Amino acid sequence: MEPIVVSLIKTGDLIWNEGSPIDLTDLTECSVYLLREIRNLLIVPLVRIVVVVCLVMTVLILVEKLFVGAVALAVKIWRLKPERRYKWQPIAPDEEEGSAAYPMVLVQIPMYNEREVYKLSIGAACGLKWPSDRVIIQVLDDSTDPEVKSLVDLECQKWKSEGVNIRYEVRGNRKGYKAGALKEGMKHEYVQECEYIAMFDADFQPESNFLLRTIPFLMHNPEIALVQARWKFVNADECLMTRLQEMSLDYHFKIEQEAGSSCFAFFGFNGTAGVWRIKAITDAGGWKDRTTVEDMDLAVRAGLRGWKFVYIGDLKVKSELPSTFKAFRYQQHRWSCGPANLFKKMAVEIIQSKKVSIWKKLHILYDFFFVGKIVAHTLTFIYYCVLIPVSVFFPEVEIPLWGVAYVPTIITLCKSVGTPSSFHLVILWILFENVMSLHRTKAALTGLLDAGRVNEWVVTEKLGEAQKTKPATTREADLTKNLLVDTHEQTNPCILKPKKQQTRFWHRFYYSELSVGTFMLLCGCYDVVYAKEGYFIYLFLQGLAFLVTGFGCMGTHLPDS
């Protein structure tokens with residue numbers, strides 16, 4: 001029948017003419033033929049091209065994982081700790097100099113409405129072992145809740161009364177968010193006395209010997225700008241979602257940060273649990289708020305100026321993982337969108353840099369940004385959540401077994417070594433990572449296109465010990481009430497705290513996850529009934545993972561959230 005249809009198309013006999021009705025049978029056959037030709041001539045070749053691109057990207061990721069894994073393994077086998085690669089000696093107090101043998105250190109704690117954790121971070125910072133006259137604790141409070149500001153101020157006053165040199169600093173707006181607060185904090189006169197800055201987010205609790213372990217690297221090695229410690233999670237066992245987060249972050253610290261520090265003396269600053277040389281911050285141009293990853297921005301600029309970074313894997317700082325899925329989504333958007341946006345803004349600058357070797361530039365451009373921040377996110381979603389499901393409808397398109405099974409398995413094994421105790425969760429971890437790739441891909445594209453939510457900054461919600469916190473004493477309540485008026489008059493918040501509204505049960509649903517999950521289940525059913533490609537087991541599992549997440553069944557749930 002196809003020649004007849006083609007003839008009809010060429011002669012135009014199917015066009016409505018002089019009141020003659022269209023032959024619906026011929027029209028249907030013509031439509032089917034056109035769709036078949038579009039499928040064969042356009043869609044199938046396009047899918048094949050996407051398969052090739054995804055396979056190439058998969059190999060790129062495999063090579064990168066094998067490389068950083070081999071470096072981290074070599075460091076562990078030969079015990080190439082930073083103390084062996086750089087000069088390090090404990091600070092020895094001098095009887096004549098006294099505390100002057102210790103350099104002046106500024107400890108910065110930026111916070112924003114951190115009701116649940118402010119006491120933990122301030123208390124840990126004030127408990128650092130260091131001469132009291134050689135350290136300044138600076139609390140940078142951008143809170144918009146007057147009551148929280150009063151509580152933080154009260155806590156600072158309490159430590160100040162105990163002899164701690166602590167400064168409580170506020171500003172009249174949140175311009176630049178965290179970067180703006182850090183930049184403003186460095187303008188105070190007393191900061192000019194300091195040589196180094198230790199930074200801790202509001203939920204971080206450093207051990208008392210933190211400065212004693214990190215500062216000697218900076219004192220004895222003038223080329224080092226940053227010393228970064230590892231994160232340790234106090235709530236990793238709170239729920240399944242925190243366990244899965246721990247697996248991803250342990251790999252990042254134990255493997256990626258270790259490899260970057262050992263091979264190139266460069267890695268992305270994690271924004272907290274690190275100590276900077278103030279001279280290096282100034283040399284790099286200071287804090288900038290052009291992206292939502294001000295920490296990575298500063299690190300890249302400092303790295304291009306020739307400064308070196310040191311990662312100390314056995315120095316751990318306690319912190320908290322986001323335990324609600326909503327908070328985790330916001331965090332992942334910022335962590336994926338910001339680097340992509342920074343890559344777009346700094347790619348030319350990195351290429352033109354003359355103070356670093358070609359290998360270091362290649363590492364920053366290719367390994368750190370392109371593969372680590374762009375390819376890793378987009379490939380995961382496009383390949384595993386779109387291409388493989390769609391391929392069941394195109395039997396002509398063949399995905400080689402090594403590309404769909406062997407290589408992904410090796411990549412998974414390489415990434416799972418960071419947390420051996422959670423190896424039994426590796427399948428659930430991969431399924432959840434694929435779910436999150438949906439948002440990471442959207443965020444990365446938003447950053448590359450510099451559009452939409454590119455500059456969105458939502459502070460990650462922390463719970464601390466909110467469930468265990470006792471009510472304030474009468475004296476604290478009275479002090480808070482008195483301070484509330486003063487603080488409110490001193491600083492007028494630029495963003496009013498929204499009132500909590502009653503949450504409907506359907507507001508817990510995440511419709512993008514539900515849509516992708518439904519799509520994958522339908523593809524799995526088609527594979528069982530028609531295609532018989534053998535992908536249905538994966539499609540059903542991954543589809544269910546999207547649905548479970550979409551129905552809000554991941555993480556903890558707060559009554560008022």
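Predicted, not measured: the structure shown is a model, and the values here were computed from it.
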- Message: Would you compute the distance between atom OG of Ser261 and atom CG of Leu226 and round it to the nearest 0.5 angstrom?
- Response: 9.0 Å
- Query: Looking at side-chain heavy atoms only, is the closest gap between Lys415 and Trp429 below 4.5 Å?
  - Reply: yes
- Note on the structure: d(Cys54 SG, Ile399 CD1) to nearest 0.5 Å is 8.0 Å
- Task: Could you tell me whether the side chain of Val390 reaches within less than 4.5 Å of the side chain of Phe519, counting heavy atoms only?
- Result: yes
- Item | Heavy-atom side-chain contact between Leu120 and Lys318 under 4.5 Å | no
- Is there a donor-acceptor contact under 3.5 Å linking the side chains of Thr292 and Arg334? no
- Message: Could you measure the distance from the CG atom of Leu140 to the CE atom of Met111? Nearest 0.5 Å is fine.
- Response: 9.0 Å
- Item | Criterion ring pair (Phe, Tyr, Trp, His ring centres under 6.0 Å) on Tyr538 and Tyr384, from CA distance to verdict | CA-CA 10 Å; Tyr538 161 72; Tyr384 299 105; 7.0 Å; no
- Salt-bridge present (Glu114, Lys119; N to O < 4.0 Å): no
- Task: For the pair Arg453 (side chain) and Thr446 (backbone), establish whether a donor and an acceptor sit closer than 3.5 Å, ignoring hydrogens and angles.
- Result: no
- Item | Closest heavy-atom pair and its distance - Gly447, Asn341 | O-ND2, 2.9 Å
- Query: Less than 6.0 Å separating the ring centroids of Phe264 and Trp359?
  - Reply: no
- Query: Can you check side chain to side chain donor-acceptor pair (under 3.5 Å) on Thr556 and Ser323, steps first, answer last?
  - Reply: CA-CA 6 Å; Thr556 58; Ser323 58; 3.2 Å; yes
- Item | Side-chain donor or acceptor of Gln245 paired with backbone N/O of Pro322 under 3.5 Å | yes
- Are any side-chain N or O atoms of Arg329 and backbone N or O atoms of His439, one a donor and one an acceptor, separated by less than 3.5 Å? no
- Message: If you define the side chain from C-beta out and look only at heavy atoms, does anything of Cys385 sit under 4.5 Å from Ser437?
- Response: yes
- Task: For the pair Glu207 and Lys232, find out whether any cationic side-chain nitrogen is under 4.0 Å from an anionic carboxylate oxygen.
- Result: no
- Task: Go through the steps to decide whether Phe266 and Phe368 satisfy the test ring pair (Phe, Tyr, Trp, His ring centres under 6.0 Å), and finish with yes or no.
- Result: CA-CA 10 Å; Phe266 172 84; Phe368 182 74; 5.3 Å; yes
- Cut-off 3.5 Å, side chains only: do Glu433 and Ser248 have a donor facing an acceptor? yes
- Query: Under the side-chain contact (heavy atoms from CB on, under 4.5 Å) criterion, do Met247 and His252 qualify, and how do the steps go?
  - Reply: CA-CA 9 Å; Met247 295 177 70; His252 168 68; over 6 Å; no
- Message: Around atom CD1 of Ile427, are there more than 12 heavy atoms from other residues, nucleotides or ligands closer than 6.0 Å?
- Response: no
- Item | Check against side-chain contact (heavy atoms from CB on, under 4.5 Å), Ser262 and Arg85 | CA-CA 9 Å; Ser262 302; Arg85 302 197 308 269; 3.7 Å; yes
- Task: Report yes or no: do Ser143 and Asp145 form a side-chain donor-acceptor pair below 3.5 Å?
- Result: no
- Message: Could you check whether any side-chain N or O of Asp201 sits under 3.5 Å from a backbone N or O of Asp203, counting only pairs where one atom can act as donor and the other as acceptor?
- Response: no
- Answer whether the closest heavy-atom distance between the side chains of Glu396 and Arg48 falls below 4.5 Å. yes
- Task: Considering non-hydrogen atoms only, spot the tightest contact between Thr58 and Ile411 and give its length.
- Result: O-CD1, 3.8 Å
- Message: Tell me the closest heavy-atom pair linking Ile430 and Gln542, and the distance in Å.
- Response: O-OE1, 4.5 Å
- Which pair of non-hydrogen atoms, one from Gly403 and one from Leu55, has the smallest distance, and what is that distance? CA-CD2, 3.7 Å
- Between CZ of Phe328 and OG1 of Thr460, what distance do you get to the nearest 0.5 Å? 10.0 Å
- Query: So how far is it from Glu294 CD to Tyr177 OH, rounded to the nearest 0.5 Å?
  - Reply: 12.0 Å
- Within 45 degrees of the axis of the six-membered ring of Tyr112 and under 6.0 Å from its centre: does Arg174 put its NZ or CZ there? yes
- Does a side-chain heavy-atom distance below 4.5 Å link Pro395 with Glu533? yes
- Task: Would you check if the side chain of Arg440 reaches a backbone N or O of Ser336 as a donor-acceptor pair within less than 3.5 Å?
- Result: no
- Query: Would you say the side chains of Thr144 and Asn113 form a donor-acceptor pair under 3.5 Å?
  - Reply: yes
- So, for Phe200 and Phe210, is the gap between ring centers shorter than 6.0 Å? yes
- Query: For the residue pair Ile350 and Lys361, what are the closest heavy atoms and their distance?
  - Reply: O-CD, 2.9 Å
- Query: So how far is it from Cys414 SG to Leu73 CG, rounded to the nearest 0.5 Å?
  - Reply: 10.5 Å
- For residues Arg230 and Leu315, determine if any side-chain heavy atom of one lies less than 4.5 Å from a side-chain heavy atom of the other. no
- Query: Taking it one step at a time, do Lys345 and Thr291 satisfy side-chain contact (heavy atoms from CB on, under 4.5 Å)?
  - Reply: CA-CA 9 Å; Lys345 293 179 177 180; Thr291 69; 4.2 Å; yes
- Query: What about Phe343 and Phe370, are their ring centers closer than 6.0 Å?
  - Reply: no
- Test item: side-chain donor near acceptor, Thr378 and Thr441, under 3.5 Å: no
- Are Asp297 and Arg290 close enough, and set up right, to give a salt bridge (Lys or Arg N to Asp or Glu O under 4.0 Å), and what steps lead you there? CA-CA 9 Å; Asp297 189 348; Arg290 56 181 174 176; 2.8 Å; yes
- Query: Lys254 side chain to Gly418 main-chain N or O, any donor-acceptor pair under 3.5 Å?
  - Reply: yes
- Item | Exam field: side chain Gln228 to backbone Thr272, donor-acceptor pair closer than 3.5 Å | yes
- Item | Geometric class of the Tyr526/Tyr530 ring pair [parallel <30°, tilted 30-60°, perpendicular >60°] | tilted
- Would you check if the side chain of Lys344 reaches a backbone N or O of Ala340 as a donor-acceptor pair within less than 3.5 Å? no
- Run the side-chain contact (heavy atoms from CB on, under 4.5 Å) check on Tyr535 and Cys523 step by step: do they pass? CA-CA 9 Å; Tyr535 295 142; Cys523 292; over 6 Å; no
- Message: Is the shortest side-chain heavy-atom distance between Val435 and Glu513 below 4.5 Å?
- Response: yes
- Work out which heavy atom in Ala236 is nearest to a heavy atom in Leu321; give both atom names and the distance. CA-CD1, 4.2 Å
- Message: Parallel, tilted or perpendicular, judged at 30° and 60°: which one describes the rings of Phe253 and Trp231?
- Response: tilted
- Message: I'd like to know if the side chain of Glu246 reaches the main chain of Thr419, judged simply by a donor and an acceptor atom lying under 3.5 Å from each other, with no hydrogens or angles considered.
- Response: no
- Item | Over 12 foreign heavy atoms within 6.0 Å of OH, Tyr366 | yes
